[in-house]
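These notes are about the structure you will find just below.
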2 protein chains.
Amino acid sequence: MIRPMARTNTRFVEAYNELLSLCDQLEVGAYLPSENALASQLGVSRTVIRSALTRLDDCSIIALDGREKILRRHSTEDDRLEGPPVLLGIEELESRFLDWVLRMDVPPGTVLNVAQLSKDFSVATHTLQEFFSSLSRFGIVVRRPRGGWVLLGFTKNYAVELSDFRTVLELNSVRHLAALPMDHEVWARLDSLEQEHLDLLQRIDNDFHDFSPLDEKFHAVINSVVTNRFVKEFQKIISLVFHYHFQWNKTHERERNEDAIREHLALIEALRSRDADKAEAAARRHLATSKQTLLSSLETNSHAT
Amino acid sequence: MIRPMARTNTRFVEAYNELLSLCDQLEVGAYLPSENALASQLGVSRTVIRSALTRLDDCSIIALDGREKILRRHSTEDDRLEGPPVLLGIEELESRFLDWVLRMDVPPGTVLNVAQLSKDFSVATHTLQEFFSSLSRFGIVVRRPRGGWVLLGFTKNYAVELSDFRTVLELNSVRHLAALPMDHEVWARLDSLEQEHLDLLQRIDNDFHDFSPLDEKFHAVINSVVTNRFVKEFQKIISLVFHYHFQWNKTHERERNEDAIREHLALIEALRSRDADKAEAAARRHLATSKQTLLSSLETNSHAT
DNA sequence: AATATGTTTATTATTATTAAAGACAGTTGA
DNA sequence: TCAACTGTCTTTAATAATAATAAACATATT
């Protein structure tokens, strides 16, 4: 009897299997704890516990009578339940989707097929819908007049605007940072970052690939001094877009990375001098380079309007 | 026979009624255009046209036989179909929801009941889900671990961060603006804005309520010089939050608005002098006042952590 | 050959259904 | 006696099923 299962019973299955393990640790004839105790122990509602106990009774693993739950036998491998295929949540979807768009180089204007994509990414269709709705805030997708979604970015325009926005946010961070007292913990982190940069510069010829994560770390530290939820939300998108593209732009990679390292070092030094104008100028220089790299990365990859 | 209607047939009903009007303009005995022609004329798919034609045939309004569609009679009032209650789209929802939160002063931490709210706002539940998902990008709501949504903002912290973010964006706009050539169209718009401000200042004692829309217009013009989709997206939220609160903060409203008008005028003058530093200083002053007003507005209204 | 209709398929929007959570009330036993 | 437990019921959110629509394809007609 296969009935439509409107909602996955993953929680029930997991709780049931956990209960089996719990029973196996007890002697046959022992009493199980109360429903409330089991519920809070397994982190599920009493409803789930009760369904599981009922099934344990049906399988003669326990004798259920009112509040008496006596263990009758230990479980076998056959007793364990198989759960439905686990679907991904919306958090995992984000990076997987952007990964798909950027790696596969999905052209702007592509109509996004929710039914198909939900299979490809193994998520529920409504999860995708919600995700697209949230992405529409960043102008990466738009809703079509009568249903459906279209991929907008990443065009050249998008890259320019994203870079400009990044510049606005990051210059703000830099100005904040330059004004922080010397005993602020960020200075120690910058010192260690400087060391990592110098270290990579030594072995740049071989290890230039190591720059991308270092770059991400560097900008994260710079922006960490501004505690603003809007800044942080954008940092996520910015970081994703920039680093995916850097990863796939192979032209003059070694030189680009070496130049970027020197720009980072210059910015660190300018920051340490506590000269806001000098720091801002150094940051501007580096962000302009970054923008150019992103743009050229888009141009080498086919479409860019 | 009431069967579950998975999707509203609004399009069909509207197309059918339009077809009735179209038929009434023809002589009885006339031939109707082809399905393709009708479809593109009414802006719907051929599928909809075909269902409508079939129904017209059933009601003996036309005689449908292959490609012959002969008009048999004109329609009466009874022939017209009643459409299902029209649900709101996600765009209308945005202002209605924020309106509800800010007017009703819904406290932070409130669990948002999708089923209930979808009735109150007369939208489909999934529309609300998508909407919340997109709002979560602005940190106004968050998803709970196992389903459901919680309202986070508008706390004092939120207001501070929003104001700071606004300041970052708007100072950027101001610096851009000050650098624009004198023949740029924005200067003419500023001139006319200045006049409107001076005008309102004359009659401030009676018409101080007129300031809120003027304020919105003023900031919109300032920010219009930056063509960046991220800036624009944020402007929407910023504008909504600020102006709703101003609307409900009645303490010293006349004085507050008069002060704000003078700050606006000072900024316009500073901008016209093309002195970026002076303009930035004027903008900073006004934005700081704005921030204080928002904060005090939150404090007078109960909860603010 | 062009344009029409008939048919089928694919996809989205919405409803119906189930799983799960939580609330309430009655019950039991130390 | 009362605190803890169980039985029952209500509410809510996640998902499958389904109707409406769009679009593609095939066939027919002028």
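None of the values given here were measured: they were computed from a predicted structure. Residue numbering restarts at 1 for every chain, and letters A, B, ... go by the order of the sequence lines.
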Quiz item: With under 30° as parallel and over 60° as perpendicular, where do the rings of A:Phe132 and A:Trp149 fit, or are they tilted in between?
Solution: tilted
Exercise. Could you tell me whether B:Phe131 and B:Phe121 have their ring centroids closer than 6.0 angstrom?
Key: no
Quiz item: Which class fits the ring pair A:Phe230 and B:Tyr158: parallel under 30°, tilted 30 to 60°, perpendicular over 60°?
Solution: perpendicular
Quiz item: Which residue, B:Gly43 or B:Gly148, contacts DNA chain D at a nucleotide closer to its 5' end, judged by nearest heavy atom?
Solution: B:Gly148
Practice problem: May I have the distance from B:Tyr16 (atom OH) to D:dT21 (atom C1'), rounded to whole angstrom? | Solution: 19 Å
Quiz item: Closer than 4.0 Å, any side-chain N/O of A:Ser45 to the OP1 or OP2 of C:dA20?
Solution: no
Quiz item: So what does A:Ser51 hit on the nucleic acid, given a heavy-atom distance under 4.0 Å: a base, only sugar-phosphate, or nothing?
Solution: nothing
Practice problem: Give the rounded distance in Å between these two atoms: CZ of B:Arg11 and C1' of C:dT12. | Solution: 12 Å
Practice problem: Could you check how far CG of A:Leu88 sits from C1' of D:dA14, rounded to whole Å? | Solution: 16 Å
Exercise. Classify the side chain of B:Arg7 versus the base of C:dT12 as yes if they form a donor-acceptor pair under 3.5 Å and no if they do not.
Key: yes
Practice problem: Using the side chain to side chain donor-acceptor pair (under 3.5 Å) rule, collect all pairs that involve residues 138-148 of chain A, keeping only residues at least two apart or in two chains. | Solution: A:Arg143-B:Glu130
Quiz item: Does a side-chain N or O from A:Arg67 land closer than 4.0 Å to OP1 or OP2 of C:dG29, or not?
Solution: no
Quiz prompt | Quiz item: cation-pi between A:Arg137 and B:Phe138, 6.0 Å / 45° | solution = no
Quiz item: Counting N and O atoms only, with roles assigned by atom type, does the side chain of A:Asp24 sit under 3.5 Å from a partner on the main chain of A:Ser75, one being a donor and the other an acceptor?
Solution: yes
Self-check item: 5' precedence on DNA chain C between B:Arg146 and A:Arg144 (nearest-nucleotide basis)
Solution: A:Arg144
Practice problem: Examine the base of D:dA14 for any acceptor or donor lying under 3.5 Å from a partner atom in the side chain of A:Thr8, and report the outcome as yes or no. | Solution: no
Quiz item: Does C:dA4 have OP1 or OP2 sitting under 4.0 Å from an N or O in the side chain of B:Lys69?
Solution: no
Exercise. Considering just the side-chain nitrogens and oxygens of A:Asn113, establish if one lies under 4.0 Å of OP1 or OP2 belonging to C:dT12.
Key: yes
Exercise. Mind calculating the distance between CD1 (B:Ile49) and P (D:dA20) to the nearest angstrom?
Key: 16 Å
Quiz item: Side chain of B:Arg50: nearest nucleotide among C:dG6, D:dT21, C:dA20?
Solution: C:dG6
Quiz prompt | Between C1' of D:dA20 and CD of B:Glu14, the distance in whole Å | solution = 14 Å
Quiz item: In whole Å, what is the span from the CZ atom of A:Arg143 to the C1' atom of C:dT12?
Solution: 12 Å
Exercise. Output yes when a side-chain donor or acceptor of B:Asn17 lies under 3.5 Å from a complementary backbone atom of B:Arg80, and no otherwise.
Key: no
Quiz item: For B:Arg46, which contact category applies under a 4.0 Å heavy-atom criterion: base, sugar-phosphate, or nothing?
Solution: base
Self-check item: Among C:dT12, D:dT21, C:dA21, the one nearest B:Phe12 by side-chain distance
Solution: D:dT21
Quiz prompt | Close residues, residues 118-141 of chain B, relative to DNA chain D [heavy-atom separation under 4.0 Å] | solution = B:Gln129
Exercise. Can you see which heavy atom on A:Thr125 is nearest to which on A:Ser118, and at what distance?
Key: CG2-OG, 3.4 Å
Quiz item: Are any side-chain N or O atoms of A:Glu92 and backbone N or O atoms of A:Gly89, one a donor and one an acceptor, separated by less than 3.5 Å?
Solution: yes
Self-check item: Residues in contact with DNA chain D, drawn from residues 32-42 of chain A - heavy-atom cutoff 4.0 Å
Solution: A:Ser34, A:Glu35, A:Asn36
Practice problem: Mind running salt bridge (Lys or Arg N to Asp or Glu O under 4.0 Å) on A:Arg11 and A:Glu14 for me, showing each step along the way? | Solution: CA-CA 5 Å; A:Arg11 311 216 81 217; A:Glu14 282 175 6; over 6 Å; no
Self-check item: Protein-nucleotide distance (B:Leu53, atom CG; C:dG6, atom C1'), rounded to Å
Solution: 13 Å
Quiz item: So what does B:Leu112 hit on the nucleic acid, given a heavy-atom distance under 4.0 Å: a base, only sugar-phosphate, or nothing?
Solution: sugar-phosphate
